[in-house]
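The structure under discussion appears below in the form of structure tokens.
As the structure is a computational prediction, the values presented were derived from the model and not from experiment. Indexing begins at 1, ligand by ligand and atom by atom, following the structure's order.
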Amino acid sequence: MSEVYDLIILGAGPAGISAAIYAARAGLHTLWLDKQFSPGGQIISTYEVDNYPGMPGISGMDLGETMAAHAEKLGISTIRENVLSVEDTAGVKIVRTKKHEYRGRTLIIACGASHRKLGIPGEEELGGMGVSYCATCDGAFFKERTAAVVGGGNTAVEDAVFLARICRKVYVVHRRSELRADKVLQDRLREYDNVEMVWDSIPLEIRGSEQVTGLLVRNVKSGEERLLDTDGVFIAVGIVPNTEKFKNFVQIDENGYIIAGEEGLTNTPGVFAAGDIRTKSLRQVVTAVSDGANAVNSVQKYLLKKN
Ligand code: NAP
């Protein structure tokens with residue numbers, strides 16, 4: 001029979017990395033799995049993180065790498081494997097990947113969230129041909145060209161600022177007349193006179209054959225349609241939690257998030273949730289790292305009770 005770990009951590013975003021650091025320091029026999037090549041989860045596609053204490057203006061990629069290097073220094077690093085399924089058999093948590101079956105006494109799910117899709121014609125077909133969900137990854141292809149950003153949250157506005165620095169023209173298409181993004185980001189966006197706000201508008205279709213050539217939008221107040229000439233469409237309309245594999249394992253709310261409070265307790269004993277994947281009101285790096293620490297604290301309490 002394969003060895004049984006004290007703890008298995010799924011995910012290497014800020015919550016998973018923080019959990020790994022706390023688990024290493026607590027001396028827990030831990031297995032840490034992540035499917036991505038680079039550590040950091042969603043922050044690796046963030047141009048600049050300016051609200052994580054002590055790291056003003058750090059790039060998301062650098063912050064992810066710095067955090068993962070901290071964990072490695074404590075002797076813990078990820079194994080790159082994609083989890084296919086999880087189950088609980090008589091209190092033992094079984095995690096299956098393509099190649100292995102791992103067993104743990106406890107499990108922390110810190111698998112984060114992914115980009116929400118618009119679900120409009122052209123989005124799927126022109127993916128990688130002008131349609132992108134990551135301005136910092138793909139923005140450079142649009143140097144001196146035109147780009148449209150869809151969304152009004154922090155990600156959309158950060159993307160628009162990033163693109164405004166390199167593009168000739170940037171449209172920001174938002175379904176309301178007020179941005180959701182933090183004021184500091186909104187102020188930064190206003191500094192660019194090559195940005196045109198397309199208020200009260202929803203995207204209908206992304207046009208193009210081999211490459212994006214336009215974005216058709218409709219004004220929700222006037223009903224008027226407008227075709228924006230653009231070479232790229234950057235979609236930043238929020239996130240959806242990566243809970244597909246856990247639906248029959250732990251309780252999920254109506255929006256797909258794992259129901260868990262600050263201590264990370266799910267309805268399955270010995271299974272904890274941390275970071276963007278759990279129900280919470282503020283999804284930020286700083287709250288994700290806090291979740292990782294809290295979840296390991298809960299793991300330790302659980303293991304003590306079991307001994
Ligand atoms: P978000 O805050 O949920 O914003 C999504 C935006 O997309 C909203 O403006 C929303 O409009 C719009 N939207 C949603 N569905 C849409 C649809 N089907 N069609 C058109 N527009 C749609 O998502 P986010 O910006 O990706 O941020 C996710 C989380 O990460 C947030 O908690 C955010 O604060 C955090 N984050 C923080 C930072 C930072 O602090 N530096 C940076 C990036 C992200 P409405 O406003 O009308 O709902």
Is there any protein N/O under 3.5 Å from an N/O of ligand 1, and what does the full list of such pairs look like?
from	atom 1	to	atom 2	distance (Å)
ligand 1	9 (O)	G152	N	3.0
ligand 1	9 (O)	G153	N	3.3
ligand 1	11 (O)	R175	NE	3.0
ligand 1	11 (O)	R175	NH2	3.4
ligand 1	25 (O)	N154	N	3.3
ligand 1	25 (O)	T155	N	3.0
ligand 1	25 (O)	T155	OG1	3.2
ligand 1	26 (O)	T155	OG1	2.9
ligand 1	32 (O)	R283	O	3.2
ligand 1	34 (O)	N154	ND2	3.0
ligand 1	34 (O)	Q284	NE2	3.0
ligand 1	40 (O)	N51	ND2	2.7
ligand 1	40 (O)	Q284	OE1	3.3
ligand 1	41 (N)	E158	OE2	3.0
ligand 1	46 (O)	R176	NE	3.4
ligand 1	46 (O)	R176	NH2	2.8
ligand 1	46 (O)	R180	NE	2.9
ligand 1	46 (O)	R180	NH2	3.3
ligand 1	47 (O)	R175	NE	2.9
ligand 1	47 (O)	R176	NE	2.7
ligand 1	48 (O)	R175	NH2	2.9
ligand 1	48 (O)	R180	NE	3.4
ligand 1	48 (O)	R180	NH2	2.7

Exercise. Hey, does V95 have a side-chain heavy atom less than 4.5 Å from the side chain of L84?
Worked result: no
Seminar exercise, completed: For Y133, the side chain to side chain donor-acceptor pair (under 3.5 Å) test, sequence neighbours excluded, returns E123
Seminar exercise, completed: So disulfide (SG to SG under 2.5 Å) across residues 123-152, not counting sequence neighbours, yields C134-C137
Under 3.5 Å, which donor-acceptor pairs do the side chains of residues 232-243 form with other protein atoms, sequence neighbours left out?
from	atom 1	to	atom 2	distance (Å)
N242	OD1	S114	OG	2.5
N242	ND2	C111	O	2.8
N242	ND2	S114	OG	3.4
T243	OG1	G256	O	2.5

Exercise. Taking atom types as modelled and ignoring hydrogens, do the side chains of T106 and K93 form a donor-acceptor contact shorter than 3.5 angstrom?
Worked result: no
Exercise. Is the closest side-chain donor-acceptor distance between E3 and Y102 under 3.5 Å?
Worked result: no
